[in-house]
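See below for the structure under consideration.
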Amino acid sequence: MAFASWSDFIAMGGYSFYVWLAYGVSLFSVLLLVISTVAKRKKIFKHVEQRLLREQRIKAAENREGTL
Amino acid sequence: MFNAFLQIVRKELLGAFRQQSDILNPIWFFVIVVTLFPLGIGTDPALLARIAPGIIWVAALLAALLSFERLFKDDFIDGSLEQMMLAPQPLTWLVSAKVFAHWLLTGLPILLVSPLLAVFLSLQENTFWALFLTLLIGTPILSLLGSIGVALTIGLRKGGVLLSLIMLPLSIPILIFSTMAIDAATFGQSYIGLLALLGAMLVAAMTLAPFAIAASLRVSVS
Amino acid sequence: MWKWLHPYAKAEKSYTLSGKLMPWFLAVALPTFIVGMIWGLAFAPADYQQGDSFRIIYIHVPAAMMAMGAYSTMAIAAFIGLVWQIRLAEMTVAATAPIGAVYTFIALFTGAAWGKPMWGAWWVWDARLTSELILLFVYLGIIALYNAFSDKVLAGRAASILTLVGVINLPIIHFSVVWWNTLHQGATITKFDQPSMATDMLIPLLIMIVSFAAFLGFMVLYRFRNEILQRESHRPWVIALVQQSSSSVNKRG
């Protein structure tokens, strides 16, 4: 352990701002990347699902026309 | 095969002389950009001579960017690009002819107006020759690099800005080596080594770039 | 080898395979990240010159290394894609570029945050920072080019060509920047050069490098799967996949 206490750890030997800023921004940008990637996957699934539903509705409508 | 090369160059030159503004505008732009710097930062000759290499080279880069648009655009629109791909001669060869013609129409005029700029920016004679030589070797590399960018973006509607985003980072080494050579000349040092490096880059670009251009054109025209 | 590899040129096969590989990469990336970070931040001894500010090294160096690693991945994939006309390889190029860009951004930002206390300025035209900045420009150019095409097959090929042009250019850029830097800056010592690190400083760094590499692999696979799904969204196997997932959601809901 390089630090005697929690507050020492947070203070980072006087460099707290720079160290925590660097770690914070890095984590944040990686998180953004992960979120956008996962969101992309969900979006693709949703699109395909909507397309399938639309096709189903069209088919159903066609069937109804046939019975009339 | 050599015939085809010459024919393309001739056709390009003839076309350009018919539409002279296409050649003149980038040169005009180049001169204006260089003139803006003394107006913006003051006219102290020592300061101007100090920053002249950077200014001239950055202006040359921007002027080259302006001129790239017409490199393949007309051929792309009227379909002669597709014909070039179907021609019996290899596409890389024909593309090299296009790039060479483009350099004759943009690189060469920049070389020709460079003495004027040397006067504007109070360059010494020694420095001017270094500038001239770096422009002589460097502008063909710019033409080759830029042609890759043009070939990649030609099919796109908003290709112009994208072209500069792609091309400018790749041309940084030329900028660095050229300005270093000019700086060396200013301090009276030998700059042959830097010119040789630029020359090596030119040879590499001449051998590799036509393949990249041809491949990119095949992507864009399909 | 080609006989074994060939099935993976089929989209569905590679989708399944990359899905199987993903958890393993995550299983390496997460624990090493936690261990490396805690070790680096709390347990590694402070540098005798730079104090605790040197702890930024535990993200700066791995990010910079893996930014280059991502570019090499892209270059190899681009080469394979263009020479053997394998579209999946071109998709890998497109999938990797944003991750490389984020890593490069992290390397740049942490470099600046480290430079402020060390040099007294957020930005110094240090050779390494400058070439990282140019690498970021190249990454952004590739991403912009890829996004500009509406036909993603063409986009992948164009991005691959640009990647290969870049891979020839990047060493020249790096070399020229280093040289330019020594000329213009003279005797400044690059603070990032750690000629010999103490072992208890080095081990967490190595752990973090492994973590960043594994995370790169994980994200590449994830984005690669996205690319496949998007391009094959009309194929029966994707439709079956979507139906399966939506029905499982419905059961739970």
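Proximity to chain C among residues 163-176 of chain B is limited to B/I166, B/P169, B/L170, B/I172, B/P173, B/I176, judged by heavy-atom separations below 4.5 angstrom. Scanning residues 142-151 of chain C against chain B with a 4.5 Å heavy-atom cutoff picks out C/A144, C/L145, C/A148, C/F149, ordered by number.
Interatomic distance, C/N169 CG to B/M201 CE, rounded to the nearest 0.5 Å: 7.0 Å.
Applying the 6.0 Å contact sphere to CZ of B/F76 captures more than 12 heavy atoms from other residues, nucleotides or ligands. Other residues, nucleotides and ligands place no more than 12 heavy atoms under 6.0 Å from the CZ atom of C/R87. The number of heavy atoms from other shown groups lying within 6.0 Å of CZ (B/F132) is above 12. Other residues, nucleotides and ligands contribute at most 12 non-hydrogen atoms within 6.0 Å of the CE atom of C/M65. In B/E82, the CD atom is not crowded: 12 or fewer heavy atoms of neighbouring residues, nucleotides or ligands sit closer than 6.0 Å.
Remark: C/R157 pairs with C/E90 by the salt bridge (charged side-chain N to carboxylate O under 4.0 Å, His left out) rule, at least two apart or across chains. A search for salt bridge (charged side-chain N to carboxylate O under 4.0 Å, His left out) contacts involving C/R235 returns C/E232, not counting sequence neighbours.
With a 4.5 angstrom heavy-atom cutoff, C/V177 touches chain B via backbone and side-chain atoms both. For B/I213, no part lies near chain C; criterion is any non-hydrogen pair under 4.5 Å. Residue contact with chain C, scored on non-hydrogen atoms closer than 4.5 Å, involves the backbone and the side chain of B/L152 alike.
Each of C/V165, C/L162, C/I161 was checked for a side-chain contact (heavy atoms from CB on, under 4.5 Å) with B/S216, and the lone residue meeting it is C/I161.
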